[in-house]
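Okay, structure first, notes after.
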Amino acid sequence: MNERAAPASIRLRSTGEADLDFVLHAEQSPENRAFVTGWTRDQHREAANSNDQRHLIIENEEGRSVGYVLLADLTNKNQSVEFRRIVVTDKGKGYGREAFQLIKEIAFNELRAHRLWLDVKEHNIRARHVYESEGFVVEGILRECVKTDDKYESMVIMSMLTNEYVSD
């Protein structure tokens, strides 16, 4: 699959202590909380300081935070990196897709991943469409594996292999 280079309208930078209020607010906002399992400040802090995870802030062209990304299992011996989370606060401007393209570049070119994978709630059709359009393949469904409030939700597992990723 031919990849498009991500436009230079966003950048990813490491999450710092001063960013944690933004991160917590982003994942708890009404438009995001149905799709993201909330973490505590300490969980985010631990991820930001971990050698096995990369916690990144998405900044737009003005330097304003518009989301965050979390990669995990960076030291996995099988070179299978988890794209654990992406949360975008300024929707409809293409920031999520651009961040997704940058994450693929980081995973395959910098981290030398063999496989980049994620799980997404089955009802999150918008995200699933973006992932599929970016070359991710559905591997299967973990049926009713997450309990949210009083109901169970299914997770779709998707991935991309290094031989499916071709950078420009």
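All values below were derived from every heavy atom in this structure, side-chain atoms included, with hydrogens, water molecules and symmetry-related copies excluded.
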Original post:
Between the side chains of T148 and E153, does any donor sit under 3.5 Å from an acceptor?
Top reply: yes
Original post:
Would R54 and E110 pass as an ion pair if we require N to O under 4.0 Å?
Top reply: yes
Subject >> Under 3.5 Å donor-acceptor, T89 side chain and V66 backbone >> reply: yes
Original post:
How far apart are the C-alpha atoms of L74 and V81, what are their side-chain angles, what is the distance that settles it, and do they pass the side-chain contact (heavy atoms from CB on, under 4.5 Å) test?
Top reply: CA-CA 6 Å; L74 305 184; V81 173; 3.9 Å; yes
Original post:
Is there a side-chain contact (heavy atoms from CB on, under 4.5 Å) between K121 and R128 once you walk through the steps?
Top reply: CA-CA 9 Å; K121 290 185 177 180; R128 288 174 55 193; over 6 Å; no
Subject >> Nearest-0.5 Å distance that lies between atom CG in L24 and atom NE2 in H44 >> reply: 5.5 Å
Subject >> Y152 side, atom OH; C145 side, atom SG - distance, nearest 0.5 Å >> reply: 11.0 Å
**OP:** Kindly compute the distance separating CD1 (I58) from CD1 (I10), expressed to the nearest 0.5 Å.
**Re:** 6.0 Å
Original post:
Side chains of S9 and E98: does their closest heavy-atom pair fall under 4.5 Å?
Top reply: yes
**OP:** Using only heavy-atom distances, determine whether the side chains of R97 and S133 contain a donor-acceptor pair under 3.5 Å.
**Re:** yes
**OP:** Can you measure from NE2 (H25) to CZ (F22) and round to the nearest 0.5 angstrom?
**Re:** 8.0 Å
Original post:
Would you call E164 and R115 a salt bridge, taking side-chain N to carboxylate O under 4.0 Å as the test?
Top reply: no
**OP:** Side-chain contact test, heavy atoms from C-beta onward, threshold under 4.5 Å: evaluate it for F108 versus L116 and give yes or no.
**Re:** yes
Original post:
Does any non-hydrogen side-chain atom of L12 lie less than 4.5 Å from one of I106?
Top reply: yes
Subject >> Distance-only side-chain donor-acceptor flag, S65 / E59, under 3.5 Å >> reply: no
Original post:
When you measure from the side chain of D73 to the backbone N and O of N76, does any donor-acceptor pair fall under 3.5 Å?
Top reply: no
Original post:
Would you say E17 and R45 make side-chain contact, with heavy atoms under 4.5 Å?
Top reply: yes
Original post:
Where do A47 and L70 come nearest, in terms of heavy atoms and distance?
Top reply: CB-CD1, 3.9 Å
Original post:
Within a reach of under 6.0 Å around CD of E46, are more than 12 heavy atoms found that belong to other residues, nucleotides or ligands?
Top reply: no
Original post:
Mind checking whether M158 and V120 have side chains closer than 4.5 Å, heavy atoms only?
Top reply: yes
Original post:
For atom NE2 of H123, is the number of surrounding heavy atoms from other residues, nucleotides or ligands below 6.0 Å larger than 12?
Top reply: yes
Original post:
Would you call D119 and R84 a salt bridge, using N to O less than 4.0 angstrom?
Top reply: no
Original post:
With sequence neighbours left out, which residue pairs that include part of residues 20-31 fulfil the salt bridge (Lys or Arg N to Asp or Glu O under 4.0 Å) condition?
Top reply: D21-R41, E27-R85
Original post:
Would you find a donor on one side and an acceptor on the other, under 3.5 Å apart, between the side chain of K104 and the backbone of E134?
Top reply: yes
Subject >> N163 side, atom CG; L161 side, atom CG - distance, nearest 0.5 Å >> reply: 5.5 Å
Original post:
Can any side-chain N or O of Q79 pair as donor or acceptor with the backbone N or O of R112 at less than 3.5 Å?
Top reply: yes
Original post:
Side chain of T15, backbone of A48: donor and acceptor closer than 3.5 Å?
Top reply: no
Original post:
Does atom CG of N51 have more than 12 heavy-atom neighbours, drawn from other residues, nucleotides or ligands, at distances under 6.0 Å?
Top reply: no
**OP:** Determine, stepwise, if the pair L56 / I103 fulfils side-chain contact (heavy atoms from CB on, under 4.5 Å).
**Re:** CA-CA 10 Å; L56 303 166; I103 289 302; 4.1 Å; yes
**OP:** Flag yes if more than 12 heavy atoms outside R126 fall under 6.0 Å of its CZ atom; otherwise flag no.
**Re:** no
**OP:** Spell out, as yes or no, whether a donor-acceptor pair under 3.5 Å connects the side chain of S154 to the backbone of E144.
**Re:** yes
Subject >> Polar side-chain atom of N60 near backbone of E62 as donor-acceptor pair, under 3.5 Å >> reply: yes
**OP:** Please state whether the rings of Y131 and F100 are parallel, tilted or perpendicular, taking 30° and 60° as the class boundaries.
**Re:** parallel
Original post:
Is the distance between the ring centroids of F136 and F83 under 6.0 Å?
Top reply: no
**OP:** Apply side-chain contact (heavy atoms from CB on, under 4.5 Å) to the pair V36 and Q28, showing each step before the final yes or no.
**Re:** CA-CA 8 Å; V36 178; Q28 290 304 315; over 6 Å; no
